[in-house]
*Asks:* 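Here's a structure for you.
Letters A, B, ... mirror the listed sequences (proteins, then strands); counts begin at 1. Hydrogens, waters and symmetry mates are skipped; everything else that's a heavy atom, side chains included, is used.
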Protein chains: 2
Amino acid sequence: MSGRTVTIAQVAKHAGVAVSTVSYVLSGKRTISADTRRRVLDSISALGYHPNAGARALASKRSNVIALVLPLRAGMHVPVLMRFASAVVTAARRFDHDVLLLTADEGTDGIHRVAASALVDALVLMDVELDDRRVPLLRELPEPSVLIGFPAEPAGLTCVDLDFAAAGARCVQHLAERGHDEIALLGAPSVVYDRGTGFATRTREGFVAAVDDHGLKGVTLPCEDTFDEVYETVRDLLLDRPGLSGLVVHNEAAVGHVLAALRQLGRRVPHDMAVVAICPDDVAERAGPPLTSVLIPAEEVGREAVRLVMDKLEGRAVPDSTLLTPLLAVRAST
Amino acid sequence: MSGRTVTIAQVAKHAGVAVSTVSYVLSGKRTISADTRRRVLDSISALGYHPNAGARALASKRSNVIALVLPLRAGMHVPVLMRFASAVVTAARRFDHDVLLLTADEGTDGIHRVAASALVDALVLMDVELDDRRVPLLRELPEPSVLIGFPAEPAGLTCVDLDFAAAGARCVQHLAERGHDEIALLGAPSVVYDRGTGFATRTREGFVAAVDDHGLKGVTLPCEDTFDEVYETVRDLLLDRPGLSGLVVHNEAAVGHVLAALRQLGRRVPHDMAVVAICPDDVAERAGPPLTSVLIPAEEVGREAVRLVMDKLEGRAVPDSTLLTPLLAVRAST
DNA sequence: GCCGGTCGTCGAAGCGCTTCGACACTCTCA
DNA sequence: TGAGAGTGTCGAAGCGCTTCGACGACCGGC
């Protein structure tokens, strides 16, 4: 405890050492005797010293802040975003960094601004589109960046994501093993496909390819978020495809509606219809019945993105592309 | 465009003026002739100058960053949080500030750290609980702060929120005007009440008081998020209260389930049961049928919080308590 | 034609930190 | 015993900006 802001000079005086010695104790960049280190640390806590972030950034050219660029757009399922964001913040803290929040509606200007003003050392971008206008800027930026999601042309960038193609395929494989031979994929709202968002498209591709490989019959449909639209989609699907016995749902917001619609349409899960979801674990577990699912490992993706960006900051080489292997958890719905 | 980081000294040289003159052009704190100003601004854009945030913070003792402390806890409806967050970022940018994201799981340490290190100038806290452990810290902090939500003891703090008591009362009034005399409130999940979260409790109090005032019969129930639990709650409620003809739903996640449950239970909205929701506008509009609702003005609350915190930063006096008046939008459900 | 007031600009002193080179020691090993 | 190689610590030079006091130049009033 103390009156007004404590500086490193006061700590140095209190401990009877030079300012630079305090700095080296803090950074560990030079060896300091155990005795001196102890005295300095004691003084730091006695005075309640916290290094001034601005001064540190100015002198060291490192702000210890990373930018998190969020989209906040229609069609994204927000709770998932939030979990990413939370994971990024937590992971960043473990590297002694803080997180500056940028929303995409400031456009590329915001990115340029925080980078040019040295407000942040690095950037993590979420919800990257296939044709993302932020991507060209990132290529020119001296600050390192990591994308969560894949643009169409990821050369020269570092990207992390769940391997959605593998996830789609994994669901098909599971249904095939269970003996289903006519299955469907209910995906994201059509606006998401229109925008060319990578994860939706890649899941569909993985699904289609796996259906071929296993010699099944399969169809893929977009799927909106509201109950009424979901109900119609499911009803029409059942009419069109009487032999359908397996469903893959890749739309977190619609999962509950799909189950409700099946119930109203007299189909029991899993008896009349097997359902596999691609969604966060808690959503799958809370559903009735609990759903067999490929989980979206938001925490892991966020953590990995931060790890990569820190590696780049330290000048270590990182892979261009990191795809996290999907894991299928079998529950009551298949 | 230029090679590596441009400094104010280079701008000054390029424009043929002193460094301090450039600074005054940027800050407007001293009068500068139109001619000089023009030359300086030209040089700035010619060189692509961006002031270094760290240096600026160090010299001016202002980082131009505010902290946004998010809870990220169970029971909170995340999309609403996101809209607050987005509104705060947008509003902050209009005051030329950026937003640092803190999650509450770092506890009060994080708040203390960013304040003590002068990383942020001020704080906005979201989802404040009645008995919030962050509140005592805020009282001692020299940095100004604004709470979104109300703690039990708000003395000496600045708080903003929708006037939830008025919102609850407004719904009752509307139903009373429509001639309903036995009504119910379906609220937040019980865990939210147990935690003593202000907005849930205050809505309930407003509801109860208004029911009394209007001489109606009313009951209030917590309401979980999953379809099955909602279904049971609604079913039991209809059995217990055969005369019930009006429902207030203050639980964004459950709104859709309530409507589905009513449908399954053979009640038509609004014919057999009038429904008023307290939720964001888009949720009310997308429901089937579109719901009469009191909207949660996330954008307005976020904007107001930022305005208040900026006022405090400038040393202007602000009211301790800002309650935004609820607005009821009549739609098809009543 | 001189005095007091703006007005516009400049130079320099920090802000609190990191980091570089220097320097006094203490060990080792020839 | 003395050269060489570490250790542990210090002082000072910035990092890029804001802000204060100073100072000409120019104005109007007497």
Side-chain angles (χ1 to χ4, degrees), chain A residues 2-41 43-44 47-65 96 113-119 121, chain B residues 2-41 43-44 47-65 96 113-119 121:
Chain A
S2 85
R4 282 270 34 127
T5 101
V6 186
T7 72
I8 197 173
Q10 296 173 35
V11 173
K13 171 135 48 128
H14 187 273
V17 298
V19 163
S20 48
T21 302
V22 177
S23 179
Y24 287 124
V25 166
L26 253 20
S27 69
K29 293 192 179 174
R30 287 204 179 169
T31 46
I32 296 287
S33 67
D35 182 52
T36 304
R37 176 198 314 285
R38 149 80 75 13
R39 282 215 319 289
V40 168
L41 292 177
S43 297
I44 285 176
L47 301 176
Y49 169 67
H50 284 260
N52 178 291
R56 197 197 270 267
L58 178 57
S60 68
K61 308 191 162 313
R62 281 293 190 86
S63 66
N64 276 32
V65 174
D96 198 31
R113 181 173 50 79
V114 297
S117 67
L119 229 191
D121 297 333
Chain B
S2 86
R4 282 268 34 125
T5 102
V6 186
T7 72
I8 196 174
Q10 296 173 35
V11 174
K13 170 135 47 128
H14 187 274
V17 299
V19 162
S20 49
T21 301
V22 177
S23 178
Y24 287 125
V25 166
L26 253 19
S27 69
K29 293 193 179 173
R30 286 204 180 169
T31 46
I32 297 285
S33 67
D35 182 51
T36 304
R37 176 199 312 287
R38 149 80 75 10
R39 281 213 321 288
V40 168
L41 292 177
S43 297
I44 285 176
L47 300 176
Y49 169 66
H50 284 260
N52 178 291
R56 197 199 270 270
L58 178 56
S60 68
K61 306 188 164 316
R62 283 292 192 85
S63 66
N64 275 32
V65 174
D96 198 30
R113 181 173 50 78
V114 297
S117 66
L119 228 191
D121 297 334

*Asks:* Look at all strands and tell whether A/T7 reaches a base, only sugar-phosphate, or nothing, counting heavy atoms closer than 4.0 Å.
*Replies:* sugar-phosphate

*Asks:* Less than 4.5 Å apart, side chain to side chain, heavy atoms only: is that true for B/V17 and B/V25?
*Replies:* no

*Asks:* Are any of B/K61's side-chain N or O atoms less than 4.0 Å away from OP1 or OP2 of D/dC17?
*Replies:* no

*Asks:* Can you tell me how far C1' of C/dA12 sits from CD1 of B/I8, to the nearest Å?
*Replies:* 14 Å

*Asks:* Separation of B/N64 atom CG from D/dC17 atom C1', in whole Å?
*Replies:* 13 Å

*Asks:* Within the side chain of A/S63, is there an N or O that forms a donor-acceptor pair under 3.5 Å with the backbone of A/L119?
*Replies:* yes

*Asks:* By nearest heavy atom, map B/S20 and B/T31 onto DNA chain C; which one lands nearer the 5' end?
*Replies:* B/T31

*Asks:* Is any side-chain nitrogen or oxygen of A/T21 closer than 4.0 Å to OP1 or OP2 of D/dC10?
*Replies:* yes

*Asks:* Looking for any heavy atom pair under 4.0 Å, which part of the strands does A/V19 touch: base, sugar-phosphate only, or nothing?
*Replies:* base

*Asks:* Counting side-chain heavy atoms from CB outward, which of C/dC17, D/dT9, C/dG14 is closest to A/Y49?
*Replies:* C/dC17

*Asks:* Could you tell me how far apart A/L58 (CG) and D/dA13 (C1') are, to the nearest whole angstrom?
*Replies:* 13 Å

*Asks:* Determine, step by step, whether B/T36 and B/Y24 satisfy the side chain to side chain contact (heavy atoms under 4.5 Å, CB included) criterion, reporting the C-alpha distance in whole Å, the side-chain angles of both residues, the deciding distance to 0.1 Å, and the verdict.
*Replies:* CA-CA 11 Å; B/T36 304; B/Y24 287 125; over 6 Å; no

*Asks:* Around A/R62, counting heavy atoms of other residues, nucleotides and ligands shown, do more than 12 lie under 6.0 Å from its CZ?
*Replies:* yes

*Asks:* What does A/S33 touch in the nucleic acid at a heavy-atom separation under 4.0 angstrom: a base, only the sugar-phosphate, or nothing?
*Replies:* sugar-phosphate

*Asks:* Using whole Å, what does the distance between atom P of nucleotide D/dT9 and atom NZ of A/K13 come to?
*Replies:* 20 Å

*Asks:* Is the backbone of B/D96 close enough, under 3.5 Å, to the side chain of B/N64 for a donor and an acceptor to pair up by distance?
*Replies:* yes

*Asks:* Go through C/dT18, D/dG16, D/dT9 for me and flag the one nearest to the B/N52 side chain.
*Replies:* D/dG16

*Asks:* Can you tell me how far C1' of C/dT9 sits from CZ of B/R37, to the nearest Å?
*Replies:* 13 Å

*Asks:* I need the NZ-P distance between A/K29 and C/dG21, as an integer number of Å.
*Replies:* 15 Å

*Asks:* In whole angstrom, give the distance that lies between atom OH of A/Y24 and atom P of C/dC20.
*Replies:* 7 Å

*Asks:* Just how far, in rounded Å, is C1' of C/dA24 from CZ of A/R30?
*Replies:* 14 Å

